[in-house]
> 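Quick one: the structure is below, and I'll ask about it shortly.
Below, read A as the first sequence line, B as the second, and so on, with proteins coming before strands; counting in each chain starts at 1.
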Amino acid sequence: MTLHFDRSLCHGHGRCQAVAPETFELDDLGYLAMEAQKAISATDKVAILRGVKACPESAMHVTYDIIET
Amino acid sequence: MNGCPRHVPADDVLSYDFHFGETELRNPVASLDAVRPERRAFFSDKWGGFWVFTRYEDMRKIAQNPEMFSNQPIGIPPQGYAQRPLIPSELDPPTHTKYRHLLSPYFAPGQIRSHEPKIREVARGLIDGMLETTSCEFIAAFARPLPTRVFLSLVDFPQSEADRFVSWTHDVMHKRRPEDERERNEARRNITEFLLEVMQARRAAPGDDLVSYLQDGLIDGERISEEALFDTLFQVFLAGLDTVTNTMGFLIQFLATHAAQRQALLDDPALLPNALEELLRLHSIVSMTRRVTCDIEFEGYPLRTGDMVLLPTWSAGRDEAAFDHPLEADFKRESVRHLAFGAGPHRCLGSHLARLEMTVALEELLARMPDIHLDPVGEVKYHGGVLGVDELPIRYSRAEMAV
């Protein structure tokens with residue numbers, strides 16, 4: 001699973017950090033400090049989705065990687 | 001239908017007056033609930049005419065697009081808050097960004113958290129006053145003075161000025177009828193004189209307050225001009241007062257009339273932050289306004305340059321397309337989101353301060369007045385513009401006496 005973050009849509013609401021503090025860290029100005037794309041482990045999934053959904057700007061979304069065998 | 005621009009389809013016209021409409025003001029936060037499922041957008045023929053978008057996602061997209069939807073000017077009708085453009089509200093990027101960056105550090109979450117002790121002190125003092133008896137009018141006793149006193153301490157203005165500020169703000173924000181013009185102008189003059197006085201005082205003797213911090217700010221490498229400093233202070237002054245007062249009115253009205261949910265918070269205080277977000281969702285009071293900058297079709301609606309657009313955030317929070325059981329207050333709702341603080345580059349700068357004030361206020365009120373309830377005499381009346389409760393008569397017992 002990959003978490004995508006569009007920095008241009010982040011306007012510092014801080015809701016991601018509020019609902020999933022262990023997963024989302026804000027910078028000194030209150031904006032999400034995260035890279036544009038980040039691989040997510042299964043253990044982090046629930047918290048990640050909570051934060052993604054809480055963003056009023058829809059600045060984040062998740063894509064699922066399909067593994068072909 | 002008189003005066004609607006020719007490009008607006010007749011079928012899209014609906015009268016909606018969020019300032020003074022009698023029907024609209026019966027329950028203002030709910031005033032679009034019946035319209036929204038049928039109409040994604042419509043054109044109101046009031047106040048010179050304006051589009052209204054009723055749904056969350058459309059409002060979000062518009063607020064995120066300052067190139068097509070400008071903040072110059074804001075207000076339907078256009079401002080008379082100040083006779084000069086508000087900074088940074090009435091600027092568009094890239095100029096907007098420069099002024100916003102000047103203010104951001106002061107209002108960042110970490111910085112705001114440092115004010116918690118002072119905020120709690122203010123809240124407790126006001127509650128002490130309320131507890132001298134067992135009933136009061138909540139807006140006057142608490143909701144109005146709270147943000148005023150907090151703001152005054154942030155900018156190191158004397159607390160003794162609080163009552164005057166309250167009445168000036170009220171006049172500037174709410175006296176919008178033509179016959180009120182003299183009072184409104186006088187209030188604006190008073191605010192202007194006061195801010196200029198403080199600016200002068202801080203130049204002579206800088207401190208570590210908001211004004212002192214701003215006056216040395218740089219825009220394009222040059223110190224911010226006196227005019228821009230004044231415009232910024234005027235905006236910050238207006239923005240932080242009425243909004244918190246009005247929201248607190250709705251929050252306490254809700255808690256005072258929903259005993260089971262009030263009890264849920266008493267039983268589990270850890271629910272409070274999420275409960276606050278959920279109540280903000282249901283009682284968003286501010287509307288964003290934008291001016292269309294080019295002829296565009298937006299989601300099928302023919303917008304023309306110069307058209308004004310209203311984004312009523314109260315409708316966004318209650319949007320059935322965005323939320324399950326949208327009208328139900330569920331303190332355990334996951335990932336509550338809303339547009340109470342707007343979206344896009346103009347996202348409410350004071351949102352962290354507002355949340356802190358309201359969280360502390362609710363903590364203190366619930367702890368010391370756990371049985372707070374509405375005085376049954378009389379109905380609650382609302383005002384429009386920035387939506388709010390006019391008066392909220394409440395009754396309560398001291399915590400140790402409430403069963």
Side-chain angles (χ1 to χ4, degrees), chain A, chain B residues 56-57 59-66 93 96-97 100-113 272-274 276-278 280-281 284 288 313 316-317 319 322-324 332-356 359:
Chain A
M1 193 170 121
T2 307
L3 175 62
H4 302 263
F5 170 50
D6 182 347
R7 182 173 306 279
S8 73
L9 291 180
C10 178
H11 293 289
H13 295 260
R15 294 292 302 144
C16 51
Q17 200 259 357
V19 301
E22 66 281 8
T23 314
F24 295 96
E25 204 178 294
L26 306 180
D27 67 18
D28 286 344
L29 290 179
Y31 294 78
L32 182 59
M34 203 174 77
E35 55 270 47
Q37 284 184 347
K38 188 169 151 168
I40 304 300
S41 70
T43 46
D44 292 335
K45 183 178 160 184
V46 169
I48 292 279
L49 289 176
R50 211 186 300 136
V52 168
K53 209 175 148 208
C55 177
E57 309 274 359
S58 297
M60 292 183 280
H61 69 275
V62 165
T63 53
Y64 296 87
D65 312 310
I66 298 165
I67 298 161
E68 312 260 11
T69 51
Chain B
Y56 186 114
E57 289 301 307
M59 289 193 229
R60 171 181 71 79
K61 287 174 189 163
I62 291 170
Q64 289 174 338
N65 192 341
H96 168 262
T97 321
R100 181 89 184 195
H101 279 172
L102 201 58
L103 287 163
S104 307
Y106 192 89
F107 289 94
Q111 275 299 112
I112 289 302
R113 260 194 296 278
L272 187 55
N274 206 53
L276 172 61
E277 294 307 311
E278 178 70 342
L280 284 170
R281 180 183 72 76
S284 301
M288 297 179 270
T313 65
D319 182 6
F323 305 100
D324 291 335
K332 294 192 173 160
R333 188 184 293 264
E334 274 219 347
S335 300
V336 180
R337 63 192 180 119
H338 53 69
L339 293 180
F341 295 113
H346 291 272
R347 182 272 303 173
C348 174
L349 191 63
S351 64
H352 305 294
L353 174 59
R355 283 187 165 105
L356 182 60
T359 304

> Can you tell me which of B:Gln111, B:Glu277, B:Glu334 forms the most heavy-atom pairs within a distance under 4.5 Å of chain A?
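Most pairs with chain A among the choices: B:Glu277.
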> Considering residues at least two apart in sequence or located in another chain, which fulfil the side-chain hydrogen bond (donor to acceptor under 3.5 Å, both in side chains) criterion with B:His346?
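Applying side-chain hydrogen bond (donor to acceptor under 3.5 Å, both in side chains) to B:His346 gives B:Asn71, B:His96.
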> Within residues 36-48 of chain A, which residues come under 4.5 Å of chain B, heavy atom to heavy atom?
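Listed by number: none.
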> Rounded to the nearest 0.5 Å, what separation is found between the CZ atom of A:Arg15 and the CZ atom of B:Arg355?
5.5 Å
> Anything in residues 50-63 of chain A with a heavy-atom distance to chain B below 4.5 Å? Please list those residues in order.
A:Arg50, A:Lys53, A:Ala54, A:Cys55, A:Pro56, A:Glu57, A:Ser58
> Run the side-chain contact (heavy atoms from CB on, under 4.5 Å) test against A:Asp27 and tell me which residues pass, sequence neighbours left out.
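Residues passing side-chain contact (heavy atoms from CB on, under 4.5 Å) with A:Asp27: A:Leu29, A:Tyr31, A:Ala33.
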> Please confirm whether the backbone N or O of A:Gly12 pairs with a side-chain atom of B:His352, one donor and one acceptor, at under 3.5 Å?
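At least one qualifying donor-acceptor pair exists.
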> Could you have a look at B:Pro105, B:Pro345, B:Ala316, B:Cys348 and say which one has the most heavy-atom pairs with chain A under 4.5 angstrom?
B:Pro345
> If I measure from the heavy atoms of chain A, does B:Tyr56 come under 4.5 Å with its side chain, its backbone, both, or neither?
side chain
